[in-house]
Novice: 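Can you keep this structure in mind? I'll have questions shortly.
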Amino acid sequence: MAFSSLRSTMRCGARPCIRPAPAKVRCTVSVISSSVADLNTKYGIPGSVEFKEGNSGSPVVVLKHACGSSAEMYLHGACVTSWKQPSGDEILYVRPDAVFDKSKPISGGIPHCFPQFGPGAMQQHGFARNLDWAVSTASADPNPDDKDPSVEVLLTESDYTMKMWPYKFKAVYTVSLHGEQLACQLRVINTDDKSFDFTGALHTYIEVLAIEKAKVTGLKGLTYLCKAKDPKNPETKTEDREEVTFSGYTDSVYLNSPSHVELEVGTGAAVALDSSGWEDTVVWNPYTTMKDCYQHFCCVENAKFGKPATVAPGESWSATVTLSVVDVTN
């Protein structure tokens, strides 16, 4: 069941943006270990950051905030698969056809699309969601009233990636809990001697009560690419609705979207996505092409698609999104 309406969404001191990080308890190492015990020894922070075996024995990092919120991320694909409020309500959605044995990307949560969003010269949505990421740091605020757990993971080039995308790079992904909020930051560093371009997205699946009750707000007046008929040759349209609703297959890329977008989930609550660096917003629901699950989720994705990112040698590109649960009953 979709998460309930929250009458006191700010009770843990959550704020709409992440403040500059103070001094932190920090654990730093350079390479990943396949052993969950080793991961806990090197990176674990009691009560804040823990590693465990997930489905199919794949390593999972668990973040726990003092207020009761939590998040889980598989190191395979650096895919956040759970974000719970202190009430225990799950906000994200993992599809019933998801597999965790590394034979394919995890279908649900917050998968990566990098260095390509959608179809193109390489495999659908690029390679970042198919690969194991390495843990580099774990941290938590020492302030007992506001301990923000965080983990940073890395992905770099390999023979596998170079065959598809012939560039050296470092992708740094940081996932944090700030009160009840979930914050995700992606930084892409060009470690090559030549410039490269890429597109990307965080393909966020959000649980809804029923897709017919879901509404996305904040997109009126925007130009969007409607990919429902032909993803490779989308129609260009202008959004004239205050609320984007769902009565059929939806796959739309809203260009130059605002930094604040909300998805009302049908219970009196909404998920607010506040972003920086991600210039576009994608709204997707497969409708009856996935009859067993389309009713229960909507994807609202922060993307860099309309204008690819260009990164010069030694330079970097970064983007963040902070997700919050808000009450929309008033």
Side-chain angles (χ1 to χ4, degrees), residues 1-3 31-40 42-44 49-64 69-84 88-114 116-117 122-136 138 149-156 158 160-161 164 171 173-177 182 184 186 200-208 284-286 289-301 323:
M1 180 178 293
F3 54 93
V31 294
I32 189 171
S33 169
S34 59
S35 164
V36 167
D38 287 346
L39 288 168
N40 276 313
K42 295 176 180 178
Y43 306 101
V49 181
E50 177 187 359
F51 293 84
K52 68 177 185 178
E53 286 191 3
N55 291 321
S56 299
S58 188
V60 176
V61 57
V62 181
L63 305 180
K64 296 179 180 180
S69 65
S70 66
E72 297 186 2
M73 180 178 69
Y74 277 77
L75 298 186
H76 181 65
C79 184
V80 178
T81 54
S82 176
W83 167 41
K84 291 182 179 179
D89 286 322
E90 178 62 69
I91 310 304
L92 303 179
Y93 184 81
V94 176
R95 285 169 21 198
D97 62 336
V99 296
F100 298 86
D101 61 3
K102 303 185 182 183
S103 63
K104 59 184 292 188
I106 298 171
S107 300
I110 311 179
H112 286 269
C113 303
F114 173 83
Q116 174 184 289
F117 173 75
M122 67 186 79
Q123 61 195 31
Q124 175 86 356
H125 291 324
F127 50 70
R129 62 186 189 150
N130 301 334
L131 299 172
D132 289 339
W133 292 55
V135 182
S136 61
S150 178
V151 64
E152 180 184 278
V153 293
L154 306 176
L155 182 69
T156 59
S158 65
Y160 175 76
T161 69
M164 286 181 276
Y173 188 49
T174 306
V175 177
S176 308
L177 285 172
L182 176 69
C184 303
L186 178 64
L202 295 180
H203 198 305
T204 305
Y205 288 71
I206 298 170
E207 186 174 348
V208 300
W284 178 69
N285 179 269
T289 63
M290 295 184 184
K291 292 183 179 180
D292 58 343
C293 62
Y294 80 93
Q295 276 276 351
H296 307 301
F297 76 90
C298 177
C299 287
V300 180
E301 311 164 33
L323 294 89

Novice: Considering residues at least two apart in sequence or located in another chain, which fulfil the side chain to side chain donor-acceptor pair (under 3.5 Å) criterion with Asp292?
Specialist: none

Novice: Taking side chain as C-beta onward, heavy atoms only, is Ser58 less than 4.5 Å from Lys102?
Specialist: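 Heavy-atom side-chain distance check passes, below 4.5 Å.
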
Novice: Under 4.5 Å between any side-chain heavy atoms of Phe100 and His76, yes or no?
Specialist: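 They are not in side-chain contact.
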
Novice: For Ala128, does its backbone N or O pair with a side-chain atom of Trp133 as donor and acceptor, under 3.5 Å?
Specialist: yes

Novice: On a heavy-atom basis, which atom in Asn130 and which in Pro105 lie closest, and how many Å separate them?
Specialist: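 Shortest heavy-atom contact: OD1-CG, 2.7 Å.
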
Novice: Which value, rounded to the nearest 0.5 Å, describes the distance between Ser107 atom OG and Met290 atom CE?
Specialist: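 Going from the OG atom of Ser107 to the CE atom of Met290 covers 7.0 Å.
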
Novice: Where do Tyr205 and Trp284 land on the side-chain contact (heavy atoms from CB on, under 4.5 Å) test, with the steps shown first?
Specialist: CA-CA 9 Å; Tyr205 288 71; Trp284 178 69; 3.8 Å; yes

Novice: Are side-chain heavy atoms of Pro286 and Phe297 found at a separation under 4.5 Å?
Specialist: yes

Novice: Just verifying a value: how many Å separate Tyr93 OH and Cys298 SG, rounded to the nearest 0.5 Å?
Specialist: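 Rounded to the nearest 0.5 Å, the OH-SG separation comes to 12.5 Å.
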
Novice: Distance check, rounded to the nearest 0.5 Å: Cys184 atom SG versus His112 atom NE2?
Specialist: 8.0 Å

Novice: List for me each residue that meets side chain to side chain contact (heavy atoms under 4.5 Å, CB included) alongside Thr156, sequence neighbours excluded, and say none if there are none.
Specialist: Lys170

Novice: Quick one: closest heavy-atom pair of Asn55 and Tyr74, and the distance?
Specialist: N-OH, 2.9 Å

Novice: Is any side-chain heavy atom of Met73 closer than 4.5 Å to one of Leu63?
Specialist: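 No, their side chains stay 4.5 Å or more apart.
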
Novice: Rounded to the nearest 0.5 Å, how far does CG of Leu39 lie from CD of Glu50?
Specialist: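 Here the interatomic distance stands at 11.5 Å.
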
Novice: Please report the closest heavy-atom contact between Gly109 and Val94, naming both atoms and the distance.
Specialist: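 Taking Gly109 first and Val94 second, the nearest heavy atoms are N-CG2, 4.0 Å.
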
Novice: Mind telling me whether Phe114 and Phe127 have parallel, tilted or perpendicular rings, with 30° and 60° as the class edges?
Specialist: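 Phe127 and Phe114: perpendicular rings.
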
Novice: Considering residues at least two apart in sequence or located in another chain, which fulfil the side chain to side chain donor-acceptor pair (under 3.5 Å) criterion with Ser82?
Specialist: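 Only Glu90 meet the side chain to side chain donor-acceptor pair (under 3.5 Å) criterion with Ser82.
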
Novice: List the residues meeting side chain to side chain donor-acceptor pair (under 3.5 Å) with Arg129, not counting sequence neighbours, and say none if there are none.
Specialist: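 Once residues adjacent in sequence are excluded, Arg129 has no partner under the side chain to side chain donor-acceptor pair (under 3.5 Å) criterion.
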
Novice: In the structure I gave you, are the side-chain heavy atoms of Thr161 and Leu155 within less than 4.5 Å of one another anywhere?
Specialist: no

Novice: Can you tell me how far apart NZ (Lys84) and OG (Ser70) are? Round to the nearest 0.5 Å.
Specialist: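 One gets 6.0 Å once the value is rounded to the nearest 0.5 Å.
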
Novice: Hey, are the side chains of Ile110 and His203 touching, using non-hydrogen atoms and a 4.5 Å cut-off?
Specialist: no

Novice: Who are the salt bridge (Lys or Arg N to Asp or Glu O under 4.0 Å) partners of Lys52, not counting sequence neighbours?
Specialist: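 Glu72.
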
Novice: For Thr289 and Tyr294, what are the C-alpha separation, side-chain angles and deciding distance, and is it a side-chain contact (heavy atoms from CB on, under 4.5 Å)?
Specialist: CA-CA 8 Å; Thr289 63; Tyr294 80 93; over 6 Å; no

Novice: Can you find a pair of side-chain heavy atoms, one from Val49 and one from Val61, that are under 4.5 Å apart?
Specialist: yes

Novice: Identify, with sequence neighbours excluded, every residue that meets side chain to side chain donor-acceptor pair (under 3.5 Å) alongside Tyr173.
Specialist: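 Checked Tyr173 against side chain to side chain donor-acceptor pair (under 3.5 Å); zero matches.
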
Novice: I want to check something: taking the side chain as every heavy atom from C-beta on, are Leu177 and Trp83 in contact at a cut-off of under 4.5 Å?
Specialist: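 When only atoms from C-beta onward are counted, Trp83 and Leu177 do touch, with a gap below 4.5 Å.
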
Novice: In Å and rounded to the nearest 0.5 Å, what is the OG1 to CD1 distance from Thr81 to Ile106?
Specialist: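 CD1 of Ile106 is found 6.5 Å from OG1 of Thr81.
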
